[in-house]
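Written below as structure tokens is the structure these notes are about.
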2 protein chains.
Amino acid sequence: MAMQMFSRSLPMMLYSTLDAVMPRFRKIFNEFGLTEQQWRVLRVLWEAENVSFHELASITLIPAPSLVGVIDRLSQSALVERRRSETDRRKVFVHATKKGNELESRVRPRVVRVYAELQASIDTEVWEQLMAGFDQVIATCQPAESNTNQKNTTDI
Amino acid sequence: MAMQMFSRSLPMMLYSTLDAVMPRFRKIFNEFGLTEQQWRVLRVLWEAENVSFHELASITLIPAPSLVGVIDRLSQSALVERRRSETDRRKVFVHATKKGNELESRVRPRVVRVYAELQASIDTEVWEQLMAGFDQVIATCQPAESNTNQKNTTDI
DNA sequence: ATTATTTAATTAATATGTTAATTATTCACA
DNA sequence: TGTGAATAATTAACATATTAATTAAATAAT
């Protein structure tokens with residue numbers, strides 16, 4: 001059946017792997033009333049204290065238009081706050097509230113544990129080759145636009 | 001900066017790789033008024049002629065509730081048609097129309113070409129190790145539910 | 001200094017993802 | 001043979017993705 005070629009294409013394998021891996025994490029997030037994207041934002045803010053909207057979009061891989069809504073909902077839950085830059089009124093900084101920071105000690109250990117189990121179940125060599133493969137594909141496709149609304153200066 | 005650990009986690013690397021790879025394909029799809037998901041459905045129907053809704057969800061990795069809308073819109077564009085099974089009135093089969101089939105010769109060569117370029121730019125060994133890594137991760141996470149609304153009988 | 005350009009965040013419109021519930025059939029079995 | 005459980009597709013409600021357009025502020029060039 002020639003359909004196997006399609007199912008084993010790089011994009012479909014990437015989607016399959018995500019479908020295999022993510023449900024167990026989303027289950028944890030949902031226990032704390034968080035979505036996957038909300039988790040990603042908090043995960044970054046727990047380490048960086050104060051991050052610009054642009055950086056946040058870039059690091060979390062959440063497209064800017066989506067991130068607006070994600071932060072809106074995190075704000076309404078009083079987990080993060082926006083703060084406009086004083087030096088450049090266009091920029092917005094985001095930081096976790098006390099309530100947002102308190103979530104870390106409850107959620108993160110659960111996630112770390114599941115992630116450790118996952119990694120432990122994969123041969124170290126296979127894991128490293130997987131990462132090397134990602135790096136090569138990403139490097140090859142380079143400055144092809146990421147979805148964070150950055151300009152593409154390569155193919156104009 | 002400890003943020004690198006997060007950015008190099010398996011899920012984030014999967015998302016990064018998709019962000020690097022997919023835009024060039026979506027650009028082609030959009031030229032023909034297709035979304036990525038519509039492409040996937042057609043890609044399957046061009047080879048299989050007549051596929052059940054359930055199989056379609058499973059092969060395209062489109063969650064059943066999303067697939068309903070995808071097929072609705074493909075139907076309105078007269079590219080596919082639904083057909084209820086006579087033997088089991090619950091089941092729905094989907095097939096491409098003449099118009100839908102005629103798209104193949106125009107779209108698919110463009111996609112095949114870009115895909116070949118992508119694959120050619122990656123070392124064969126790296127590519128194979130990447131696929132092997134996917135297989136191992138997927139096998140490890142096994143019957144953990146895929147998002148096609150199938151029942152999970154492992155952790156009840 | 002003024003205007004054109006660029007940048008940062010946002011809005012808008014539409015499509016899809018996620019999770020739970022629903023409806024219509026079919027199946028198993030008392 | 002009728003009734004409850006299981007299955008297939010769908011709907012519902014909400015969140016996010018995609019693409020293009022918009023708004024506000026800062027910069028560059030005149």
Side-chain angles (χ1 to χ4, degrees), chain A residues 15 18-19 22-27 29-31 33-41 51-58 60-77 82-94 145-153 156, chain B residues 15 18-19 22-27 29-31 33-41 51-58 60-77 82-94 145-153 156:
Chain A
Y15 287 125
L18 278 168
D19 283 353
M22 294 314 295
R24 64 192 59 188
F25 291 108
R26 297 201 186 108
K27 213 165 289 177
F29 304 150
N30 293 350
E31 281 183 44
L34 297 175
T35 65
E36 183 189 340
Q37 288 76 4
Q38 290 176 342
W39 151 266
R40 281 195 240 164
V41 168
V51 183
S52 77
F53 181 91
H54 184 79
E55 288 175 289
L56 209 44
S58 173
T60 60
L61 302 182
I62 298 172
S66 301
L67 186 57
V68 172
V70 173
I71 293 182
D72 282 346
R73 286 177 285 276
L74 278 172
S75 296
Q76 278 162 13
S77 306
R82 280 182 171 90
R83 190 190 320 174
R84 274 208 177 269
S85 164
E86 290 300 333
T87 64
D88 186 340
R89 308 276 308 153
R90 293 170 303 180
K91 290 189 184 172
V92 167
F93 286 91
V94 184
E145 68 273 66
S146 69
N147 61 357
T148 48
N149 270 6
Q150 300 163 9
K151 276 295 179 336
N152 183 343
T153 54
I156 290 184
Chain B
Y15 287 125
L18 278 168
D19 283 353
M22 294 313 295
R24 63 192 60 187
F25 291 108
R26 297 201 186 106
K27 213 164 289 178
F29 304 150
N30 293 350
E31 281 183 43
L34 297 176
T35 65
E36 183 188 340
Q37 288 75 4
Q38 291 176 341
W39 151 266
R40 281 195 239 163
V41 168
V51 183
S52 76
F53 182 91
H54 183 79
E55 287 176 288
L56 210 44
S58 173
T60 60
L61 302 181
I62 298 171
S66 300
L67 186 57
V68 172
V70 173
I71 292 181
D72 283 346
R73 287 177 284 276
L74 279 172
S75 296
Q76 278 163 12
S77 306
R82 279 182 172 88
R83 191 192 318 176
R84 274 211 175 268
S85 165
E86 291 299 334
T87 65
D88 186 340
R89 307 274 311 151
R90 294 170 302 180
K91 290 188 183 173
V92 167
F93 286 91
V94 184
E145 66 273 66
S146 68
N147 60 357
T148 49
N149 271 4
Q150 299 164 8
K151 275 296 180 336
N152 183 342
T153 54
I156 290 183

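To find a chain, count down the sequence lines: A is the first, B the second, and so on, and within it residues start at 1. Atoms considered below: every heavy atom in the structure, side chains included; atoms not considered: hydrogens, waters and symmetry mates.
When each of C:dT16, D:dA9, C:dT19 is scored by its nearest atom to the side-chain atoms of B:Gln38, the top-ranked nucleotide is C:dT16. Looking at the side chain of B:Arg73, the nearest of the listed nucleotides C:dA9, C:dA15, D:dA12 is C:dA15. Residue B:Val92 has its side chain nearest to D:dA9 when only D:dA9, C:dG17, D:dT16 are considered. The side chain of A:Ser66 has D:dA17 as its nearest neighbour among D:dA17, C:dT18, D:dT10.
Between the side chain of A:Arg83 and the backbone N or O of A:Phe93 there is no donor-acceptor pair closer than 3.5 Å.
In this structure, A:Gln37 reaches the D:dA17 phosphate: one of its side-chain N or O atoms is under 4.0 Å from OP1 or OP2. The phosphate of C:dA9 (OP1 or OP2) has no side-chain N or O of A:Arg83 nearer than 4.0 angstrom.
At whole-Å resolution of the value, NE2 in A:His54 and P in C:dT7 are 11 Å apart. Note: CZ (A:Phe29) to C1' (C:dT19) measures 16 Å, nearest angstrom. The separation between B:Ile62 atom CD1 and D:dA17 atom P is 17 Å, rounded to whole Å. With rounding to whole Å, A:Leu61 atom CG is found 10 Å from D:dA17 atom P. The separation between B:Arg84 atom CZ and C:dT23 atom P is 15 Å, rounded to whole Å. Rounding to whole angstrom units, CG of residue B:Asp72 and P of C:dG17 are separated by 14 Å. The separation between B:Leu56 atom CG and D:dA9 atom P is 10 Å, rounded to whole Å.
Looking at which nucleotide of DNA chain C each of B:Gly69 and A:Phe93 is closest to, the 5′-most match is held by A:Phe93. Residues B:Glu36 and B:Phe53 both approach DNA chain D. Their nearest nucleotides, taken by heavy-atom distance, put B:Phe53 toward the 5′ side. Nearer to the 5' terminus of DNA chain C, by closest-nucleotide assignment, is the contact made by A:Lys91 (compared with the other of A:Asn30 and A:Lys91).
Annotation: side chain of A:Ile71 is in contact with side chain of A:Leu56 (closest heavy-atom distance under 4.5 Å). Looking at heavy atoms from C-beta onward, B:Leu67 lies out of side-chain contact with B:His54 at the 4.5 angstrom threshold.
Between B:Glu36 and B:Arg40 there is a salt bridge, since a side-chain N of the basic residue sits under 4.0 Å from a carboxylate O of the acidic one.
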Might you list the N or O atoms of the protein lying below 3.5 Å from N or O atoms in nucleotides 23-26 of chain D, with each pair's distance?
| unit_1 | atom_1 | unit_2 | atom_2 | d |
| --- | --- | --- | --- | --- |
| D:dA26 | OP1 | A:Arg89 | N | 3.0 |
| D:dA26 | O4' | A:Arg90 | NE | 3.4 |

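Nucleic acid contact for B:Thr35: sugar-phosphate only, since backbone atoms but no base atoms lie under 4.0 Å from a heavy atom of the residue.
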